[in-house]
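We name chains A, B, ... by the order of the sequence lines, and we start the count at 1 in each one.
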Amino acid sequence: MLDLKFIRENVKKAKEGLKKKNSKVDLDEILKLDERRRELLKEVEVMKADRNRISKELGISKSKGEDISQKSAEMKAFSQKIKDIDFKVEETTQNINAIMLTVPNIPNEAVPVGSEANNKTVKEWEKKKNFNFKPLPHWELCEKLDMVDFKRASKISGAGFVVFKGKGALLERALINFMLDVHIREHGYKEVVPPFLVNEASMTGTGQLPNLKEDMYSVDKEGLYLIPTAEVPVTNLYAGEIFSEEDLPLYHVSFSACFRKEAGSYGKDTRGMKRVHQFDKVELVKFVLPEASYEEHEKLLGDAETILQKLGLHYRVRLLASGDMSFAAAKCYDIEVYSPGCNEYLEVSSCSNFEDFQARRANIRYRARDGKRAYVHTLNASGIALPRTFIAVLENCQTEDGKIAVPDVLRPYMGGLEYID
RNA sequence: GGAGAGGUGGCCGAGUGGCCGAAGGCGACGGUUUGCUAAACCGUUGUACGGGCUAAUACCCGUACCGGGGGUUCAAAUCCCCCCCUCUCCGCCA
């Protein structure tokens with residue numbers, strides 16, 4: 001959420017920022033409501049001051065045994081008037097909040113303005129691997145090696161679900177454990193295993209609600225949502241809390257299944273497992289001091305990259321343009337791994353700095369050494385998303401005779417296995 | 001799922017209708033004392049919002065806040081209703 005005071009005092013800046021994000025939100029409407037709310041507040045607070053004063057006097061009179069029935073009757077009417085205005089204040093406040101929750105974050109200065117076409121490749125690691133044969137797409141490899149069962153997955157759950165089997169399941173598990181261990185042991189993250197179902201407040205805190213409701217699975221009877229990423233439970237872990245400055249920065253790493261309806265992308269990436277409704281992901285979440293957040297952002301990107309480097313997978317880093325960033329992000333890098341079987345780059349991580357946008361929604365603050373309170377900055381990155389990493393391993397590590405050469409770093413996690421065949 | 005107990009400031013804990021933004025304690029901060037540290041003593045110490053005055057998030061005024069929401073009342077931390085959460089016991093159960 002943006003700071004209403006900031007909007008009030010920097011209307012032009014706010015409008016420009018929102019335009020870069022392609023937001024159609026009407027700031028003038030918010031400002032109008034805000035002004036009305038403040039007028040009502042001013043009016044009702046004076047009345048309340050009167051009420052408090054007279055009530056006190058009545059209490060004293062009564063204790064002296066004086067008759068206060070006449071005054072009481074007057075005050076009853078007065079209190080009702082206050083109640084009426086209070087109701088209007090409340091109504092206006094709710095209107096403002098409802099709109100404010102739909103206002104996206106505004107991009108950082110360093111973000112290129114524009115749409116997807118203006119995304120910039122800022123880094124490439126290694127080169128596309130040369131094959132002296134035609135690399136197969138992962139769905140063919142999966143079928144040949146009996147690693148993933150697409151057919152039975154759709155039988156038991158529907159299209160867009162996968163079942164890992166045998167060495168496929170082992171590889172999936174190995175990747176998860178490998179990633180967790182690297183982040184815990186080498187990058188200083190503390191592991192968290194969160195619930196996969198969260199309430200509406202949590203979904204609102206990180207910015208999935210209200211705008212992305214159609215993309216989420218929910219258990220309506222219980223008022224719960226299936227998490228689309230561990231970012232949601234992990235960030236909201238500290239909702240409503242105040243850190244000490246010494247607690248920061250705080251790094252969490254979390255494995256979770258992720259559930260996404262992928263509404264609006266029907267017909268896209270239907271083959272194989274590039275886009276599925278449930279996938280595994282290792283997520284990195286940081287809580288940091290505002291002045292440190294951009295430095296932390298670069299470090300975070302590096303932490304996610306490490307995984308692909310250790311796996312020996314060629315990738316590129318894209319700095320997203322303002323219009324291609326997610327709702328809550330102020331700056332975002334995508335990491336895209338190369339998939340030779342599909343001949344395309346697949347997004348395996350979004351590495352975002354949300355500044356205080358999520359912290360404001362979820363009310364996550366810190367107490368500075370001088371006693372003042374302020375919102376923390378939150379950041380997160382996939383570290384990294386599984387099915388596409390799984391795809392990249394299969395397609396990049398396939399041999400001419402149809403085996404998968406297990407990357408060195410994964411072998412300890414697979415009982416020393418060298419080849420999947 | 002059933003029964004009971006509870007939810008008050010950074011923390012502990014008192015408070016059953018007005019004199020309560022809230023005793024007391026701890027902690028923190030400032031000071032006195034001290035060779036240094038500790039102890040002791042004195043003082044200060046919630047947040048948000050609105051307004052005034054501003055260089056100011058400094059100061060002044062007001063309002064709200066005792067788990068959340070509603071109600072009763074001239075007046076609610078306190079009484080009533082609903083909900084959430086925690087703990088204990090019982091039941092069920094991976």
Can you give me the N/O atom pairs linking the protein to nucleotides 47-51 of chain B at distances under 3.5 Å, or say none if there are none?
{"unit_1": "B/rG50", "atom_1": "OP1", "unit_2": "A/R8", "atom_2": "NH2", "d": "3.0"}
{"unit_1": "B/rG51", "atom_1": "OP1", "unit_2": "A/R38", "atom_2": "NH1", "d": "3.2"}

Sugar-phosphate only, base, or nothing, as touched by A/K71 at under 4.0 Å among non-hydrogen atoms
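No contact.
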Within a radius of less than 6.0 Å around [atom1] of [X], do more than 12 heavy atoms belonging to other residues, nucleotides or ligands occur?
X	atom1	result
A/R8	CZ	yes
A/R185	CZ	no
A/R152	CZ	no

Euclidean distance, atom NZ of residue A/K62 to atom C1' of B/rG17 [Å, nearest integer]
9 Å
In whole angstrom, what separates A/R53's CZ from B/rU63's C1'?
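The answer, rounded to whole Å, is 15 Å.
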In terms of the angle between their ring planes, are A/Y217 and A/H277 parallel, tilted or perpendicular, with boundaries placed at 30° and 60°?
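A/Y217 and A/H277: perpendicular rings.
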Could you check A/K372 against A/A73 and say which one's nearest nucleotide on RNA chain B is further toward the 5' end?
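That would be A/K372.
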Answer yes or no: is there an ion pair linking A/D86 with A/K48, defined by an N-O contact shorter than 4.0 Å?
yes
If a pair satisfies ring-ring contact (aromatic ring centres under 6.0 Å, His included) and one of its residues is in residues 346-376 of chain A, list it, with sequence neighbours excluded.
A/F327-A/F357
Does anything in residues 78-100 of chain A reach RNA chain B, meaning a heavy atom under 4.0 Å, and if so which residues?
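Heavy-atom cutoff 4.0 Å gives A/S79, A/K83.
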Do we see a donor-acceptor contact under 3.5 Å between the side chains of A/Y251 and A/K299?
yes
